[in-house]
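Counting starts at 1 for both ligands and their atoms, following the listed order.
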Amino acid sequence: MSAFLIEGGKKLSGSIAVQGAKNSVLPILAATILTGGISVIHNCPQLTDVDASIAILRHLGCEVCRDGEDITVDSAPMNRYDVPDRLMREMRSSVVFLGAVLGRMGCAELSMPGGCELGPRPIDLHLAALKSMGADVDGQGGSLNCCCQALQGQEIVLSIASVGATENIMLAACCAEGTTVISNAAREPEIVDLQRFLRAAGADIAGAGSSTVVIRGRRPLHEVEHTIIADRIVAATYLSAAAAAGGEVELTGVDRCCMLPVLEVYRMAGCEIHTWPDRIEMCCPHQLKGVRPIRTAPYPGFPTDAQPPVLAALAMADGTSVFVETIFENRFRHAGELLRMGADIRVEGRVAVVCGVEQLLGAAVHSPDLRGGAALVVAALGAEGSSKVTGLSHIDRGYSRLEQDFTRLGAKIRRVNEKQS
Ligand code: UD1
């Protein structure tokens, strides 16, 4: 079992180039299936979720070659349409392969993704959309079989602006006859990145980033080269670490427009922030101030994925901050671990009331999920004394070089591998 050993209380200072976005690279790897040829993707972070996507592509018959942060996929030899349960379980977001596999092969066999640490993760909207496009969907016994003669473009109104459903529909619609219009589409920057990839491959698709995405299907796709955008959640995590530990950091490569709600919170908390189109500098005070209530919301609202690290930083603020979580029902599990470090947090359903304490104290804590684990690292960097953070398999799903980056910023953090007792 590996763990981070962190000696807290060291101010952070320096500059970091933010890694590529996990939530961008996963759907784009699925999209490589549609081109039926070679896709070269740059700035792919080294993450276990990316490894899982590569394993799925290889299982489907694609040839995949990884060289550092570049991944080349040749989907011409693809000859299967099933994703085994073992690979589906490695990564919940493997459901984004559904639209791509169905579109390319006319059939897809996956297992139901089920729930995850954040609570139930239904895919009813994905399935209803694919059904309306002409797919037969049979979802019994935990497996999911989809088949269609030919997908037909449709007008689809999403009742929730689901990121995964929007991506799945975009992928399937590229292979459908006619035009698909997605209303109440999710507007996340990662969806815009997927559109950029698809357009560069020759797809006729427009509107990503707004609530209406229009796809005219059956355009011949071709070879494509694409660079993944920077990860705004990793950027939010690094800013949170600086806010918790104090100091001055610069993040490069990240689009400031994607970061506005998080920057607004840290401005309210007393940080001095300067931004350029692709660069952010933040100078943090000795102690943060409590902020106005934070309510998570779909983009462009405050991202649910940034809530845990920001909450951890504000656990050491002067004053009380309230978080309302509207996206996932089980997203405060890091709060229980933060209590072990001396935090004063009360959670009632979807609301967490965080009464800032002057100092957190180092402790042994366990990551409950990906961003909850990142929150514990943030807290440990700001805490007095040593902490041990276990459950790194969660953190490794989304952060490619956390300990290297924090070490460069002056933190004392190292990974140890311990024998399980
Ligand atoms: C994506 C992100 C995840 C982020 C989330 C919300 C990826 C790989 N993951 O997850 O990091 O936290 O967006 O920004 O990009 N819902 C339904 N039925 C559906 C689909 C969704 O009820 O068919 C609900 C979900 O339970 C959730 C809400 O809609 O409450 C938003 O989920 P969704 O946007 O689909 O999240 P993901 O795509 O799974």
Side-chain angles (χ1 to χ4, degrees), residues 20-31 44-45 47-50 52-53 56 88 90-100 110 112-132 137 139 144 156-172 182 184-194 208 211 228-229 231-237 258 261-262 295-310 324-333 350 369-375 394-395 397-399:
K22 170 178 89 74
N23 289 351
S24 220
V25 73
L26 302 180
I28 286 174
L29 284 173
C44 298
L47 303 171
T48 49
D49 271 9
V50 172
S53 295
I56 291 173
M88 282 297 288
E90 274 182 38
M91 182 181 64
R92 192 218 172 257
S93 35
S94 46
V95 72
V96 78
F97 276 89
L98 177 61
L110 278 68
M112 284 288 209
C116 75
E117 311 86 29
L118 305 181
R121 302 278 290 261
I123 55 164
D124 53 316
L125 302 177
H126 306 230
L127 300 183
L130 295 175
K131 273 187 199 163
S132 77
V137 178
L144 192 59
I156 296 165
V157 182
L158 290 175
S159 56
I160 301 173
S162 156
V163 174
T166 303
E167 292 166 346
N168 249 331
I169 300 165
M170 284 163 69
L171 294 173
I182 313 173
N184 195 30
R187 292 183 279 165
E188 269 65 3
E190 294 75 22
I191 290 173
V192 180
D193 207 22
L194 175 61
S211 305
I228 298 291
I229 56 169
D231 195 310
R232 63 199 166 98
I233 306 301
V234 170
T237 305
C258 305
V262 171
R295 192 183 160 84
T296 63
Y299 191 85
F302 187 94
T304 173
D305 289 354
Q307 173 266 107
V310 171
V324 183
E325 175 57 57
T326 72
I327 311 285
F328 294 114
E329 62 186 54
N330 203 7
R331 199 141 211 192
F332 286 127
R333 297 200 308 160
R350 290 180 177 249
D369 51 60
L370 165 56
R371 305 301 170 187
H394 289 300
I395 297 178
R397 288 186 38 228
Y399 296 85

**Study point:** side chain to side chain contact (heavy atoms under 4.5 Å, CB included) between L194 and T166, intermediate numbers included
**Key:** CA-CA 11 Å; L194 175 61; T166 303; over 6 Å; no
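- Remark: R295 CZ is loosely packed, at most 12 non-hydrogen atoms of other residues, nucleotides or ligands lying under 6.0 Å away.
- Nearest heavy-atom pair, R371 versus P309, reported as atom, atom and distance to 0.1 Å: O-CD, 4.1 Å.
- Sorted by chain and number, the residues within 4.0 Å of ligand 1 by heavy atom are N23, R92, S93, R121, P122, I123, D124, L125, H126, I160, S162, V163, G164, T304, D305, I327, F328, R331.
- At a threshold of 4.0 Å, the pair R232-E190 counts as salt-bridged, since one of the basic side-chain nitrogens sits closer than that to a carboxylate oxygen.
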**Study point:** N23 and E188: CA distance, side-chain angles, deciding distance, side chain to side chain contact (heavy atoms under 4.5 Å, CB included) verdict
**Key:** CA-CA 10 Å; N23 289 351; E188 269 65 3; over 6 Å; no
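- For the side chain to side chain contact (heavy atoms under 4.5 Å, CB included) test, residues two or more places apart in sequence or in another chain that qualify with S132 are Q154, I156.
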